[in-house]
**Q** 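Quick one: structure below, then a few questions.
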Amino acid sequence: MRTSTQRSALRVQVTSMAQLLVSPISYIRYARKSKLALFAVLWMAAIAIMAIFPFVIAPHPPNRTFSGKSNLPPSLEFLLGTDNVGRDILSQVIWGASTSLAIGIGAAMVEVVIGVPLGLFAGYYGGRLDQIFMRIADTILTIPTIVLLIVAVTLLRAQSLVSIVIVMGFVNWVWLAKTLRGEALRVREEEYVTAAKAMGFSDPYIIAKHILSNVVAPLIVIVTFDIAWFILYESTMSFIGLGDPTIPSWGRLLFIGRGFLNTAPWISVIPGIFIFLTVLSFNILGDDLTGFLGARGRRV
Amino acid sequence: MRALTRYILIRIGLIVPTLLIVSSITFILLHMAPGNPIDIMLGAAKASREVRDILIQRFGFDEPLHIQYFLWVYNMFRGELGLSISGAPVIELIGVRLWYTVELMLVSQGISALIAVILGALAGYRKETMLDKALSVVALVGYSLPNFWLSIIVILVFSLYLGWFPVGAFSLGIELARERGLYAILIHLRHLALPTAVLVVGFTPYYFRLLRATMVEVVDEDYITMARAKGLKEVTVIYKHALKNAVIPLLTAVGTSLGLILGGSYVVELVFAWPGLGHLLVTAAIARDYWLVMGISFITAVMVIVSSIALDMAYAYFNPKIRFAGSGY
Amino acid sequence: MGTAGEGSGRGALLSIQDLRVYYYFEAAVTKAVDGVSLNLEKGDVLGIIGESGSGKSTLARAVPRLLSRYAKIVSGRIVFEGEDLTTKDERDMMKIRGKRVSIILQNPSALNPTIRIGEQIAEVLRDVSPKSDPKPLVVEALRMVGIHNAESRASSYPYEFSVGMRQRVMIAMALAAKPALVVADEPTSALDVSTQAQILGLIDRLKAELGFSMLFITHHIGVASQMCNKIAVMYGGKVVEVGPKDDVLSKPRHPYSFGLLRSIPYLTRDMGKLYVIEGKPPDLTDPPPGCRFHPRCRNAIEICMLREPPLDGEDQITMSACFNPIR
């Protein structure tokens with residue numbers, strides 16, 4: 001049973017959380033000022049549409065091969081050309097948007113599920129556990145993510161879409177956890193946390209309500225940048241040849257195109273433009289969010 | 001003991017536990033892999049019965065788990081990294097290629113750092129001017145370019161279309177062995193040029209953004225006002241007074257991103273067939289050469305740790321508070 | 001005969017004429033200095049007293065043109081040794097700064113932590129005599145400010161010194177090139193009382209030795225009384241009272257100066273209830289109409305809300321800006 005003080009404290013919390021949710025609207029007003037931000041938003045909208053409605057927009061199913069029409073340059077029939085087995089590149093690119101966004105967001109969710117609780121608990125409780133956590137975290141950080149990915153995929157024979165998502169989330173949560181741990185440490189010392197404890201709120205509750213609301217800003221920023229990273233990593237892994245060969249992806253197209261640079265460069269070049277612009281848009285968004293939210297915790 | 005010495009010794013002392021954790025992780029991953037570790041590691045290897053038996057004994061594959069773990073870690077520290085499926089010992093394969101990776105890294109990072117420092121200091125000092133905004137946009141674009149895609153385009157334009165630079169594997173040492181002297185150096189440089197260029201395009205923006213950020217904080221400090229108050233030229237204020245202070249936090253920031261830098265160069269190595277560890281890693285992964293993959297990961301971790309310590313030492317040297325701590329007030 | 005007020009300025013070392021400096025940040029315009037005129041003769045130590053936000057720091061930095069990028073000299077002239085500094089470009093200002101006009105800042109840590117102090121002093125001298133070796137002059141400058149073992153200490157880094165010593169180094173830096181005018185922006189406000197006394201004594205001695213003039217900014221009336229021969233009181237971006245030290249301190253005319261002086265507790269007298277100036281300093285983005293002090297002024301009359309009082313006095317030496325001054 002909550003006391004009346006606890007209830008009014010709750011009310012304050014809810015209102016401030018609501019204010020936070022309203023901020024996307026003010027962000028859009030902010031973004032209109034910058035041409036870069038405008039481009040980023042438009043491109044992301046385009047990608048999102050491609051990703052959510054590929055079956056509507058794509059002219060052909062991505063894996064459908066047209067015999068005798070392999071390695072064709074862009075034309076009216078195939079707007080972006082065909083690849084080495086005669087699949088339409090435009091369709092693959094559109095479906096690839098789905099793949100990329102799904103992987104990016106999926107891996108981000110895995111990373112959040114692992115990193116947020118670990119980081120917050122380590123920061124809030126501190127002590128021996130925190131020290132161990134930091135030591136392990138720093139060690140994982142010394143190994144390049146790409147290497148970790150390669151090792152994990154190789155050893156675990158994880159080449160399906162789902163396993164790649166999980167592996168990427170597992171490999172990349174450290175930076176997020178470390179940053180949130182820092183925030184948790186800082187917030188822990190604030191007066192209103194002491195006050196909440198004095199009012200009799202339980203620890204997990206305090207973490208969830210107070211620390212979480214402070215942590216939302218850097219969380220959003222890091223996740224935004226990380227989605228860009230995940231898209232890059234997935235493309236890189238597919239490009240290397242360690243991706244899922246059955247799913248259409250931008251990286252897979254670059255991988256296929258590697259063997260035909262002389263004869264059919266469009267196979268590699270065009271999907272790469274999509275990767276580039278998507279990563280660019282996420283980076284612009286992340287930069288703007290950092291300025292807008294005044295958040296700490298960017299990688300750069 | 002002087003504070004600086006203490007600082008360095010602590011850093012060096014941390015190598016061992018870190019490497020311990022790294023080898024533990026690789027051990028865990030190995031045993032998480034489906035299948036029998038012995039079969040995984042030695043299954044496809046072209047090794048004779050005797051060699052297999054030696055390895056089984058050395059790594060204790062028929063012993064209980066905790067003994068295996070101990071032997072594993074012990075071997076990693078010794079440099080005994082097992083056998084590749086090609087039959088050659090892993091350390092040998094790594095050893096030859098290590099220097100190519102190091103060379104590519106040093107050259108590309110050196111050039112990137114130089115350009116980034118000069119431009120970043122300028123942009124940070126003249127914040128919000130046209131120059132700064134233009135540079136920042138260029139940096140953003142460069143930073144977002146996928147390096148493997150850029151590599152492909154570079155190859156398309158400069159190797160295939162223009163023919164200025166060679167394509168394909170820089171065969172280890174064979175060409176060099178045949179022609180010594182200046183000609184050999186030229187060939188080497190021709191092969192080095194493109195991958196270096198791609199890495200520079202990728203990393204200069206990264207350093208630029210870091211330095212600009214630290215510079216912006218330094219510029220607001222009082223000692224910069226004093227430098228201007230002394231009537232010093234702007235160039236002097238930026239590159240002598242401000243930069244010396246802005247570089248310090250930069251070193252720390254770079255230290256945390258060493259993994260990122262190395263990982264990026266691995267991918268570029270692959271595309272240009274530059275005979276470094278990255279190239280080896282990928283070919284090993286595709287061939288399911290587990291020993292080799294693990295060995296390369298371990299050595300990679302070692303490289304990152306070593307660079308990290310080098311950076312820490314540079315940081316301690318440049319930051320007068322650490323260098324002279326204890327000399328008292 | 002020396003003048004401190006508006007009007008003449010002929011022959012003065014520094015003549016600030018109707019200077020306005022505004023800050024432009026985001027959408028707001030802060031009128032930090034809004035029509036200030038002062039004269040400083042050779043040999044003067046002109047003290048500028050005021051609370052934070054009165055514009056005194058902005059004024060101090062405006063003279064060597066070291067304002068922040070958000071600030072702009074909107075109008076007015078700063079005439080130094082006959083030249084108008086507001087019209088000079090950066091390159092010309094660089095020749096003047098450090099050598100003819102120098103500045104001492106409040107923060108004794110305004111020394112670059114990564115450069116040896118000897119080098120930081122030598123930098124000023126290099127422009128004065130580019131060919132000769134600055135080292136002996138550096139050592140002399142350090143000795144002058146009372147740092148022992150000057151030769152060896154010249155190669156030390158700033159944080160090897162205590163706070164008081166660092167302030168001495170700053171003074172050495174400011175005086176090494178023997179400038180004609182030194183602007184001191186609260187030079188002792190960050191120091192403890194005994195160090196403060198030492199530094200003030202040092203500045204006094206050096207002034208007698210080297211003969212420079214000073215623009216001395218402070219919020220501490222006691223310090224101003226000790227160091228300055230003329231005092232100007234600033235409020236809300238304007239000068240409200242100016243004159244020889246004794247006049248201003250013993251017979252303040254402007255209600256604000258009066259309030260300031262009366263709110264100092266004296267240890268030796270029973271003053272009854274302490275005088276308090278009610279209210280808050282004005283918002284300089286939207287200052288009150290008429291006299292800036294009128295909302296807080298006990299002497300305010302109707303005209304104070306309508307028109308700005310001009311800075312005026314019986315002679316041009318002692319002046320105040322009030323329609324209803326204290327008699």
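Letters A, B, ... are given to chains in the order of the sequence lines, protein chains preceding strands, and every chain is numbered from 1.
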**Q** Need one label for B/A253: side chain, backbone, both or neither, based on atoms under 4.5 Å from any heavy atom in chain A.
**A** neither
**Q** So how far is it from A/N283 CG to B/R209 CZ, rounded to the nearest 0.5 Å?
**A** 6.5 Å
**Q** Tell me, side chain or backbone of B/L156 under 4.5 Å from chain A's heavy atoms, or both, or neither?
**A** side chain
**Q** Do other residues, nucleotides or ligands put more than 12 heavy atoms under 6.0 Å from A/F170 CZ?
**A** no
**Q** Can you tell which of B/G263, B/A285, B/A301 has the highest number of heavy-atom pairs within less than 4.5 Å of chain A?
**A** B/A285
**Q** Looking at B/L145, B/T300, B/T18, which has the largest count of heavy-atom pairs under 4.5 Å with chain A?
**A** B/L145
**Q** Please rank A/L277, A/L232, A/V269, A/I136 by heavy-atom pairs under 4.5 Å with chain B and give me the top one.
**A** A/V269
**Q** Which answer fits A/R258, side chain, backbone, both or neither, if we ask what part of it has an atom under 4.5 Å from a heavy atom of chain B?
**A** side chain
**Q** Looking at B/T283, B/V141, B/I153, which one has more heavy-atom pairs under 4.5 Å with chain A than the rest?
**A** B/V141
**Q** Could you walk me through whether A/K35 and B/V137 pass the side chain to side chain contact (heavy atoms under 4.5 Å, CB included) check?
**A** CA-CA 11 Å; A/K35 283 191 219 105; B/V137 170; over 6 Å; no
**Q** Would you mind checking which part of A/L148 comes under 4.5 Å of any heavy atom in chain B, side chain (CB onward), backbone (N, CA, C, O), both or neither?
**A** neither
**Q** For residues 138-147 of chain A, pull every pair meeting salt bridge (Lys or Arg N to Asp or Glu O under 4.0 Å), keeping only residues two or more places apart or in separate chains.
**A** A/D138-A/K178
**Q** What part of B/V267 gets closer than 4.5 Å to chain A, counting heavy atoms only: side chain, backbone, both or neither?
**A** side chain
**Q** Show me, pair by pair, the donor-acceptor contacts under 3.5 angstrom made by side chains of residues 239-255 of chain A, not counting sequence neighbours?
**A**
{"residue": "A/D244", "atom": "OD1", "partner": "A/T246", "partner atom": "N", "Å": "2.9"}
{"residue": "A/D244", "atom": "OD1", "partner": "A/T246", "partner atom": "OG1", "Å": "2.6"}
{"residue": "A/D244", "atom": "OD2", "partner": "A/L161", "partner atom": "N", "Å": "3.0"}
{"residue": "A/S249", "atom": "OG", "partner": "A/E234", "partner atom": "OE2", "Å": "3.3"}
{"residue": "A/S249", "atom": "OG", "partner": "A/G251", "partner atom": "N", "Å": "3.4"}
{"residue": "A/S249", "atom": "OG", "partner": "A/R252", "partner atom": "N", "Å": "3.0"}
{"residue": "A/W250", "atom": "NE1", "partner": "A/V93", "partner atom": "O", "Å": "2.9"}
{"residue": "A/R252", "atom": "NH1", "partner": "A/P245", "partner atom": "O", "Å": "2.8"}
{"residue": "A/R252", "atom": "NH2", "partner": "A/N63", "partner atom": "OD1", "Å": "3.3"}
{"residue": "A/R252", "atom": "NH2", "partner": "A/Q92", "partner atom": "OE1", "Å": "3.0"}

**Q** Looking at B/I286, B/V293, B/L19, B/L140, which has the largest count of heavy-atom pairs under 4.5 Å with chain A?
**A** B/L140
**Q** Out of A/I146, A/T139, A/V279, which one racks up the most heavy-atom pairs below 4.5 Å with chain B?
**A** A/T139
**Q** If you count heavy-atom pairs within less than 4.5 Å of chain A, which of B/S297, B/P17, B/S24 leads?
**A** B/S297
**Q** Mind ranking A/I140, A/I150, A/T236, A/T278 by heavy-atom pairs under 4.5 Å with chain B and telling me who comes out on top?
**A** A/T236
**Q** As an exercise, state the distance from CD1 of B/I15 to OG1 of A/T142, rounded to the nearest 0.5 Å.
**A** 11.5 Å
**Q** Can A/V147 and B/I296 be said to form a side chain to side chain contact (heavy atoms under 4.5 Å, CB included), step by step?
**A** CA-CA 9 Å; A/V147 172; B/I296 296 180; 5.9 Å; no
**Q** Please look at A/S235 and chain B and tell me whether the side chain, the backbone, both or neither of the residue comes under 4.5 angstrom of a heavy atom of that chain.
**A** both
**Q** So which part of B/V271 gets closer than 4.5 Å to some heavy atom of chain A, the side chain, the backbone, both or neither?
**A** side chain
**Q** Nearest 0.5 Å please: distance from the CD1 atom of A/I143 over to the CD1 atom of B/I305.
**A** 8.5 Å
**Q** Just give me the residue among B/L258, B/I261, B/L270, B/N147 that pairs up with chain A most often, heavy atom to heavy atom, under 4.5 Å.
**A** B/L270
**Q** Give me the atom names and distance for the closest heavy-atom approach of A/P144 to B/G259.
**A** CB-O, 3.1 Å
**Q** Could you give the distance from OG (B/S257) to CG (A/L141), rounded to the nearest 0.5 Å?
**A** 10.0 Å
**Q** Could you tell me how the ring of B/Y143 sits relative to the ring of A/W229: parallel (under 30°), tilted (30 to 60°) or perpendicular (over 60°)?
**A** perpendicular
